[in-house]
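Only this structure's heavy atoms are used, side chains among them; waters, hydrogens and symmetry mates stay out.
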Amino acid sequence: GIYAALYQIASAPVVFLMSVVMQLVIPVVFGRVGDLSSQLRLQGGRGLLSRTLLMIGSVYLALTLITYFWAGQLVTLLTNSEYARQANVLWLLVLALSLYNLTQYMTVLGFSMNRPKAYFWPKLGHAITLLVAGMLLVRIYGIAGMVYALVISAIVHIIWVALVNSKMWLEQVPKETVAG
């Protein structure tokens, strides 16, 4: 129950922000990229993705810092003092969820280039890392162990997607993806 409550507190602002951004920005990105018929259009979509990623990352950093400094007060306000004893991991939950959501946003690059399959291995790696780290760390650290597993798997995921994206970023308009 404590983990579930902390997860809900951590995820609410992170997921809300990403939902708003996805609703507002993604249609514009796909509109700019269009049918992938022009390198200029592709660059316009990439530029918007980059600027938005920096903006979201900055907000997520602020959320992480807020929860780092005021986790106890937030958890006590929203739950009770018993749950607040575990509040020291709230900022790590916010960090993990922020990294995960940033990674999900980063995959828009491949989707806009009609390359969703490029993210299969990073997603599988994320899932396996979470499973293995969770099984090992929960035994040792309990609730905190699951939070550590989330952070580790989110870091693995964001690095892997960044590597995939770095290769795609250098690509020109792929001939095989140009819409008829």
Do you reckon Tyr68 sits in the same ILVMFWY cluster as Leu77, going by side-chain contacts under 4.5 Å, direct or chained?
-> no

Taking atom OG1 of Thr64 and atom CG of Leu95, what is their separation to the nearest 0.5 Å?
-> 5.0 Å

Can you name the closest pair of heavy atoms from Leu6 and Gln86 and give their distance?
-> CD1-O, 3.6 Å

Where Ala154 and Ala96 come nearest, the two heavy atoms and their spacing | CB-O, 3.6 Å

Between Leu54 and Leu99, is there a shared hydrophobic cluster once you connect ILVMFWY residues whose side-chain heavy atoms come closer than 4.5 Å?
-> no

Interatomic distance, Leu97 atom CG to Leu17 atom CG [nearest 0.5 angstrom] | 12.5 Å

What residues, two or more places apart in sequence or in another chain, satisfy side-chain contact (heavy atoms from CB on, under 4.5 Å) together with Asn80?
-> Glu82, Tyr83

For Tyr119, what residues pass the side chain to side chain donor-acceptor pair (under 3.5 Å) criterion, not counting sequence neighbours?
-> Asn165

Side chain Ser153, main chain Leu150, donor-acceptor under 3.5 Å | yes

Take Val21 and Ile26 through the side chain to side chain contact (heavy atoms under 4.5 Å, CB included) test and state the conclusion after the steps.
-> CA-CA 8 Å; Val21 168; Ile26 301 308; over 6 Å; no

What closest approach, in Å, do Ala84 and Gly72 show between heavy atoms, and which atom pair accounts for it?
-> CB-O, 4.1 Å

Interatomic spacing from CD1 in Ile152 to NE2 in His126 - rounded to 0.5 Å = 11.5 Å

Taking atom CG of Leu137 and atom CG of Leu130, what is their separation to the nearest 0.5 Å?
-> 10.0 Å

Can you establish whether the number of heavy atoms outside Tyr7 located under 6.0 Å from its atom OH is more than 12?
-> no

Do the side chains of Val147 and Val15 join up, straight or via other hydrophobic residues, at under 4.5 Å, putting them in one cluster?
-> no

Got a second to check how far Leu65's CG is from Trp91's CH2, nearest 0.5 Å?
-> 9.0 Å

Looking only at heavy atoms, which two atoms of Leu92 and Val151 are closest? And how far apart?
-> O-CG2, 3.5 Å

Under 4.5 Å between side-chain heavy atoms, hopping through other hydrophobics if needed: is there a path connecting Leu53 to Leu63?
-> yes

Between Tyr60 and Val14 the two heavy atoms that sit nearest each other are OH-O, 2.8 Å

Is it possible for you to say whether Leu124 and Phe111 belong to one hydrophobic cluster, with membership spreading through side-chain heavy-atom contacts below 4.5 Å?
-> yes

Of all heavy-atom pairs linking Pro27 and Met22, the shortest is CD-O, 3.6 Å

Look up atom CE in Met18 and atom CD in Gln104, then write down how far apart they are to the nearest 0.5 Å.
-> 8.5 Å

Look at the side chain of Thr76 and the backbone N and O of Gln73, then say whether any donor-acceptor pair between them is shorter than 3.5 Å.
-> no

